[in-house]
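Every chain is numbered from 1, with letters handed out A, B, ... down the list of sequences.
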Protein chains: 2
Amino acid sequence: MAASRPATSPSAPSPGTATILDVAALAGVSRTTVSRVLNHPDLVPADTIARVEGAIDELGFRPSSRARGLRTGRFDTIALLVGDASQPFQSAVAKAVARAAEARGLNVLLCDLDHSEERLITFLRQLPRQGVDGIVISTGDDVSRSRAGAVIAETRAGGTPIVISGRLPEDDLFGVGVDFTSIADAATTRLIENGSRRPILLIGDADTYVGARWAAGYRAAVERAGLDAVVLQTQYSDATSTQLVLRELSASTPADGIIAGTVPLALSAVRAAHHCRRLVPDDLAIIACEQVGLAELVTPAVSTIGVTAEASGEALVEHLSQLIAGRNPPHATLPYVLSERQTTRHPAEGETR
Amino acid sequence: MAASRPATSPSAPSPGTATILDVAALAGVSRTTVSRVLNHPDLVPADTIARVEGAIDELGFRPSSRARGLRTGRFDTIALLVGDASQPFQSAVAKAVARAAEARGLNVLLCDLDHSEERLITFLRQLPRQGVDGIVISTGDDVSRSRAGAVIAETRAGGTPIVISGRLPEDDLFGVGVDFTSIADAATTRLIENGSRRPILLIGDADTYVGARWAAGYRAAVERAGLDAVVLQTQYSDATSTQLVLRELSASTPADGIIAGTVPLALSAVRAAHHCRRLVPDDLAIIACEQVGLAELVTPAVSTIGVTAEASGEALVEHLSQLIAGRNPPHATLPYVLSERQTTRHPAEGETR
DNA sequence: CTGAAAGCGCTTACAG
DNA sequence: CTGAAAGCGCTTACAG
């Protein structure tokens, strides 16, 4: 019980190393009072607050969120499980989540799923014990499938809230909504309005969940116009997607429009068009169902439609922090925006020509 | 002292919720023994280990890394401070760091600096108290500048190791090395070998540290060839870089080669060439001093030279975990690789034509 | 209004 | 070989 706290002046802890006991000693109060000015300042008179805060500043004291968490069960940390952090949209979401979390005093643990359900399950099982208050899942992969869906439910039941990007209210897994169906419908409709008679959907095989919705929206729009539906399912970043598009371009009724799930897929369509000397957008119009900055860096700049990563990240974190706080936030479906650039006709105002 | 631990069979804690006491009760040993099989199994006889491990499996017990950290001072967590998580190379590094950390049982806290020195300093001050064992800084920005450099030194002195990407042994801030000077030199030399008589360097103004080295390498190569040096410093993702290149293309001695710091900058050069109907690579060869997958998705595919994000992430984490373990790892300079694609002549083998 | 005490889930000397 | 006790840095009933 003796000699534990430093005397009035000596043994100043190195900056950022001070503990609540150091502050208490310097302010001449108990650790209880220090804790109270931190957590319930309303219970402490102004002059005491001032003294304690003086000591806090002087020592550069920052309470250890880990020690607090051990006591309160809240660690001010969320985990972000991302399908593939190196994909343009996903990395923009990661950035947005980091910013939104920071604004709420939350740390973000980054976990890359690499499109593996096994990894998803492992993370879900580990994270709650790692001091994580909640989990954001952002991926185009199907997380409702067999085991993963069960583990998500189990984790939620265990008290760790989970928010999943792109889930609509009718979905069991329910999260922050993106209406992929409407987005693909709008994209397809836009191409048809611009004169496309043979618009084709190009999606990645990793996108089982999102892909099914894109296909639904695409089919609806195509049917409405009395046209045929052709869906090309391929792998990302692979020469095969270029090959597939190439084949459609040299068919007897060649494709004259591509609705691509992602910007990388759209780029493979650009490559294919270039390969067989078709002009974009004149011979082949292209639009991607994903909003990423990269789209305007390339030549030709790719037209896009979708929710922004910023809106998505912000909504995911907001929704999650409500859940963590024990509230039941309303389900919101995010608005999508259309950015017409050089791969579709009628370039919109404000875009670089 | 009574009724604290569950009886032999009832009150099974929900999965992932078991504590070391639950395991001890089920295995019929003390928490000390459980902790020992976790941390010093060599001190425990095989049959006891088996019994305890049985209980661990049955309860799905995972020790809380936060509670352990409170005791040991190690939280098995590192922070990744990244200049801009939405930039292609940085996001690939983030992914690589996440994977490399995971392989070592470390969690990764993602912090986006958004190119702000202020934010860097704030993170550096907060993180050690947030239960972070070490910090990786990955940015092209200059972190040695005035205050930031001092805060890095201070944080290190406080006992939190920091590894900085792209620092060479001669650098005060010392980290994992990337020889930007040699990379730019090699890139420039390659263009000159391919016939460029007026190669120009295009770098971003955010890259003060890296930019200076790129410029040095570029100047060396250009001088060696008896050519003039022209350095274009611009902003990222901005129409201004396109404008700057455009101007050089319509000068009396037009540029016939661009050494771009990053792939996004290279894309702005492509845009400029397209704008004034110059052929790439015939009229204008382009190479980027950065290895990112995106480079092969675009048309024309961009030639690149640099270290891969994977090697970088792995080396950063390896170096950091050595430091955390109290060892003094040797400084390694990462090898760089050249990928010639469509924006330079003589496309290399194995690339999509 | 304020402090002593208990406890969050662990680990590690210290005794048996 | 094993366990009781102390303690990591906090917060929060519980008494004054």
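Look at A:E314 and A:R99 and you find no salt bridge, because none of the NZ, NE, NH1 or NH2 atoms lies under 4.0 Å from a carboxylate O. Salt-bridge annotation for B:R119 and B:D112: absent, with no side-chain N of the basic residue lying under 4.0 Å from a carboxylate O of the acidic one.
Distance, A:R62 CZ to D:dG9 P: 16 Å, rounded to whole Å. Between the C1' atom of D:dC8 and the CZ atom of A:R66 lies a distance of 15 Å, rounded to the nearest Å. Distance, B:D22 CG to C:dG9 P: 9 Å, rounded to whole Å. Distance CZ (A:R51) to C1' (C:dC1): 12 Å, rounded to an integer number of Å. If you measure from atom CD1 of B:I20 to atom C1' of C:dT11, you get 8 Å, rounded to the nearest angstrom. One interatomic measurement links the two molecules: CG of B:L38 to P of C:dC10, which rounds to 9 Å at whole-angstrom precision. The interatomic distance linking B:L59 (CG) with C:dG9 (P) rounds to 14 Å, in whole Å. One can place CG of A:D42 at 15 Å from C1' of C:dT2, the figure rounded to the nearest angstrom.
To the nearest 0.5 Å, the span separating CG on A:L124 from CG on A:L113 amounts to 9.0 Å. How far CG of B:D133 is from CG of B:L109: 11.0 Å, rounded to the nearest 0.5 Å. Rounding to the nearest 0.5 Å gives a distance of 10.0 Å between CZ of A:R51 and CG of A:L26. Considering CG of B:L80 and CG of B:L316, their distance stands at 8.5 Å, rounded to 0.5 Å.
A close approach under 4.0 Å does occur between a side-chain nitrogen or oxygen of B:R129 and OP1 or OP2 of D:dC10. Between C:dG3 and A:S30, a contact under 4.0 Å exists linking OP1 or OP2 to a side-chain N or O. Not one side-chain nitrogen or oxygen of A:T19 sits closer than 4.0 Å to the OP1 or OP2 atom of D:dC8.
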Find every protein N or O atom lying less than 3.5 Å from an N or O atom of nucleotides 12-16 of chain C, and list the pairs.
from: C:dT12; atom 1: OP2; to: B:H40; atom 2: NE2; distance (Å): 3.2

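As rounded to the nearest Å, D:dG16 and D:dT12 have C1' atoms that lie 16 Å from one another. Between D:dG9 and D:dA13, the distance separating the two P atoms is 23 Å to the nearest Å.
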Taking distance alone, no hydrogens or angles, what donor-acceptor pairs closer than 3.5 Å link side-chain atoms of residues 63-72 of chain B to residues at least two apart or in another chain?
from: B:S64; atom 1: OG; to: B:R66; atom 2: N; distance (Å): 3.3
from: B:S64; atom 1: OG; to: B:A67; atom 2: N; distance (Å): 3.0
from: B:S65; atom 1: OG; to: A:Q130; atom 2: OE1; distance (Å): 3.1
from: B:R66; atom 1: NE; to: A:Q130; atom 2: O; distance (Å): 2.5
from: B:R66; atom 1: NH1; to: B:F75; atom 2: O; distance (Å): 3.4
from: B:R66; atom 1: NH1; to: B:T77; atom 2: OG1; distance (Å): 3.0
from: B:R66; atom 1: NH2; to: A:Q130; atom 2: O; distance (Å): 3.2
from: B:R66; atom 1: NH2; to: B:T77; atom 2: OG1; distance (Å): 3.1
from: B:R66; atom 1: NH2; to: B:N107; atom 2: OD1; distance (Å): 3.2
from: B:R68; atom 1: NH1; to: B:D76; atom 2: OD2; distance (Å): 3.3
from: B:T72; atom 1: OG1; to: B:R68; atom 2: O; distance (Å): 3.1
from: B:T72; atom 1: OG1; to: B:R74; atom 2: N; distance (Å): 3.1
from: B:T72; atom 1: OG1; to: B:R74; atom 2: O; distance (Å): 3.4

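The residue A:S65 sits apart from the nucleic acid: no heavy atom pair falls under 4.0 Å.
In the displayed structure, B:R147 atom CZ is contacted under 6.0 Å by at most 12 heavy atoms of other residues, nucleotides or ligands.
With B:D57 contributing its side chain and B:G54 its backbone, the two residues share no donor-acceptor pair below 3.5 Å.
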- [ ] Return one dot-bracket line describing DNA chain D 5' to 3' (Watson-Crick or G-U wobble pairs, both distances under 3.5 Å; ( ) same strand, [ ] crossing, | another strand, . none).
- [x] |||.||||||||.|||

Open item on the list: Please determine whether side chain to side chain contact (heavy atoms under 4.5 Å, CB included) holds for the pair B:V108 and B:V317, giving the CA-CA distance in whole Å, both sets of side-chain angles, and the decisive distance to 0.1 Å.
Closed with: CA-CA 10 Å; B:V108 176; B:V317 172; over 6 Å; no

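When each of B:A67 and B:T48 is assigned the nucleotide of DNA chain D bearing its nearest heavy atom, the one mapping closer to the 5' terminus is B:T48.
Among the nucleotides C:dG3, D:dG3, C:dG9, the one closest to the side chain of B:T33 is D:dG3.
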